[in-house]
Amino acid sequence: MNPSRRQFLQNSTQLAASASLTTLLPDEVIASPRLFSAADTVSVGLIGCNSMGWADLTSMLKNPGVRCIALCDVDQNVLNKRAADLAKLPSVQASGQKATLYSDFRKLLENKDIDAVIVGTPDHWHCLPTVYACQAGKDVYVEKPLANSIEECDLMVAAARKHKRITQVGQWQRSGPHWKNAIDYVRSGQIGTIRTVKTWAYMPYGKTFPVVANEPVPAGVDYEMWLGPAPKRPFNRNRFHGTFRYFWDYAGGLMTDWAHTWSILPYGVCR
Ligand SMILES: NC(=O)c1ccc[n+]([C@@H]2O[C@H](COP(=O)([O-])OP(=O)(O)OC[C@H]3O[C@@H](n4cnc5c(N)ncnc54)[C@H](O)[C@@H]3O)[C@@H](O)[C@H]2O)c1
C-alpha cells in the first residue's frame, strides 16, 4: 500500500478512537443525571463569534437558564457587532444580561463566573482553547472538526478526562431525527449486509475564488493571535474568516470538515 494512503488510514482509525470526546461525560454526571436541574443557570462564554460560534450561542440561549456573560474574538469588528447583536436578543433584553468582551480567550477563561465555553474559532484554534478551558474547570462545546491532528485530539480528550469536564463536539446535522432513522434502518438489516459505502457532497462547497494580493492587517484585528499555532505569513483575505477552511495551515477542506466527522458520529454509521 502506498505509504501516504497507509498513514491516512492509520490516522483515520486513530481519529475515530480519539474522537470519543463527543461522548465524554464525567462519571459523577452519568451517575447523577439530576445533578443539574431545570432551575440551574448555565453561564456561557463564546470564543470566536463570527459565524458558527454565534449560531451555537443563539441556539443555546433558547434554553431557559442559559445566559451569555462573555464574548471573545480577536477581530474587534466581529466582537463589537456580536455584542450589539446579543444586546438586541429579546431574551437578553428581558433578563438584562450583560456580556464582558475579551480579545484574549485566556483572560475570558479567568472569569470564574463562566461555567461553559463555546469554541467557534477556526480549526487550528480548537485544541488550545479546549484544553485550557478544561484546565480552568469549564465545560466545552467545541465546533467540528475536532482538531487538525490526532495529537491535538488526544490532548483534548486527555484534558477533558483529567479535569472531568462535560464536552461535546458541535455536529448539528447528526442530531436531526432523519439521521438517526437512517442509521436505525441500516442497522435493522433490511438492506442486507453492506459491503461498499460511497459518499459525496452534493453542494457547491469549495468553489474556487479569485486569488487576491496580501494586504495590511485590517484595523481592529489581532492577526498574530488569529494565526496562533499556525505558520506565520502575511495577511491575505482569502485565508481569513470563513475561507480559512480551504488552507492546510488552518483546516483540511471538505475532507476534514465533513468526511472525517462521519467517523466520529456518537451513534456511528461508518465506525
Ligand atoms: N460556518 C458554518 O456553517 C460552520 C458549520 C459547521 C461548523 N463550523 C465550524 O465552526 C468553526 C468556525 O467556523 P466559522 O465559519 O464560524 O469561521 P469564521 O472564520 O467565520 O469565524 C471564526 C471566528 O473566530 C475568531 N478567532 C480566530 N482565532 C481566535 C482566537 N484565538 N480567539 C478568539 N477568536 C478567534 C475569528 O476572528 C472569527 O471571528 C470551524 O471550526 C468550522 O469548521 C462552521
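Indexing begins at 1, ligand by ligand and atom by atom, following the structure's order. Note: hydrogens, waters and symmetry copies are ignored here, and every other heavy atom, side chains too, is used.
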query = Quick one: which ligand 1 atoms are inside 4.0 Å of a heavy atom on D123?
reply = 40 (C), 41 (O), 42 (C), 43 (O)

query = Would one find an N or O of S51, backbone or side chain, under 3.5 Å from an N or O of ligand 1?
reply = yes

note = A student checking ligand 1 against W125 at a 4.0 Å heavy-atom cut-off should list atoms 28 (N), 31 (N)

query = How close does the nearest protein non-hydrogen atom get to atom 16 (O) of ligand 1, and which residue and atom is it?
reply = M52 N, 2.8 Å

remark   = The protein heavy atom nearest to atom 11 (C) of ligand 1 is T121 O, 3.3 Å

ask   = Ring centroid separation for W125 and F105, is it under 6.0 angstrom?
value = yes

message = Quick check: closest heavy atoms across V117 and A133, and the distance to 0.1 Å?
response = CG2-CB, 3.7 Å

ask   = Taking the six-membered ring for Trp, are Y246 and F209 parallel (under 30°), tilted (30 to 60°) or perpendicular (over 60°)?
value = tilted

ask   = Any salt bridge between K107 and D104, counting N to O under 4.0 Å?
value = no

L101 to L79 - nearest heavy-atom pair and separation = CB-CD2, 4.0 Å

ask   = What protein heavy atom is closest to atom 24 (O) of ligand 1, reported as residue, atom name and distance in Å?
value = G48 CA, 3.4 Å

inquiry  = At under 4.0 Å between heavy atoms, is it the side chain or the backbone of V78 that contacts ligand 1, or both, or neither?
reply    = side chain

message = Quick check on the 6.0 Å ring-centre criterion: do W226 and H124 meet it?
response = yes

Basic-acidic side-chain contact under 4.0 Å: R233, D249 = yes

ask   = Hey, is F244 touching ligand 1 through its side chain, its backbone, both or neither, going by heavy atoms under 4.0 Å?
value = side chain

request  = Report yes or no: does D222 contribute a side-chain atom to a donor-acceptor pair with the main-chain N or O of M225 at less than 3.5 Å?
outcome  = yes

query = If hydrogens are left out, which of L128, N148, L227, D73 has an atom nearest to atom 25 (C) of ligand 1, that is, the closest non-hydrogen atom?
reply = D73

query = Which of these, Y250, W226, Y102, has its nearest heavy atom closest to atom 27 (C) of ligand 1?
reply = W226

task = Find all atoms of ligand 1 within a distance of less than 4.0 Å from any non-hydrogen atom belonging to M225, and give their numbers and elements.
result = 31 (N)

task = State, to 0.1 Å, how close C134 and T167 come at their nearest heavy-atom pair, and which atoms those are.
result = SG-CG2, 4.3 Å

Proximal atoms of ligand 1 relative to P145 (non-hydrogen, under 4.0 Å) = 43 (O)

request  = If you have a sec, work out which protein heavy atom is nearest atom 22 (C) of ligand 1 and how many Å separate them, to one decimal?
outcome  = G120 O, 3.5 Å

message = Need the ligand 1 atom indices (1-based, order shown) with element for anything under 4.0 Å from a heavy-atom of G242.
response = 18 (P), 19 (O), 20 (O)

request  = State the atoms of ligand 1, each with its element, that fall below the 4.0 Å cut-off from a heavy-atom position in V74.
outcome  = 26 (N), 27 (C), 28 (N), 29 (C), 30 (C), 31 (N), 32 (N), 33 (C), 34 (N), 35 (C), 37 (O)

task = Indicate yes or no for a side-chain donor-acceptor contact from N236 to the backbone of V212 under 3.5 Å, with no hydrogens or angles considered.
result = yes

task = Report the part of E143 (side chain from C-beta onward, or backbone N, CA, C, O) that has a heavy atom under 4.0 Å from ligand 1; answer both or neither where that applies.
result = side chain

inquiry  = Considering H124, H126, K144 one by one, which has a heavy atom nearer to atom 43 (O) of ligand 1 than any of the others?
reply    = K144

request  = Decide whether W248 and N148 meet the rule of one side-chain donor and one side-chain acceptor closer than 3.5 Å.
outcome  = no

task = Look at atom 21 (O) of ligand 1 and say which protein heavy atom is nearest, naming residue and atom and giving the distance to 0.1 Å.
result = N50 CB, 3.3 Å

remark   = So for D257 against ligand 1, with non-hydrogen atoms under 4.0 Å, the contacting part is side chain

key: Short side-chain donor-acceptor distance under 3.5 Å, Q190 and S188   = yes

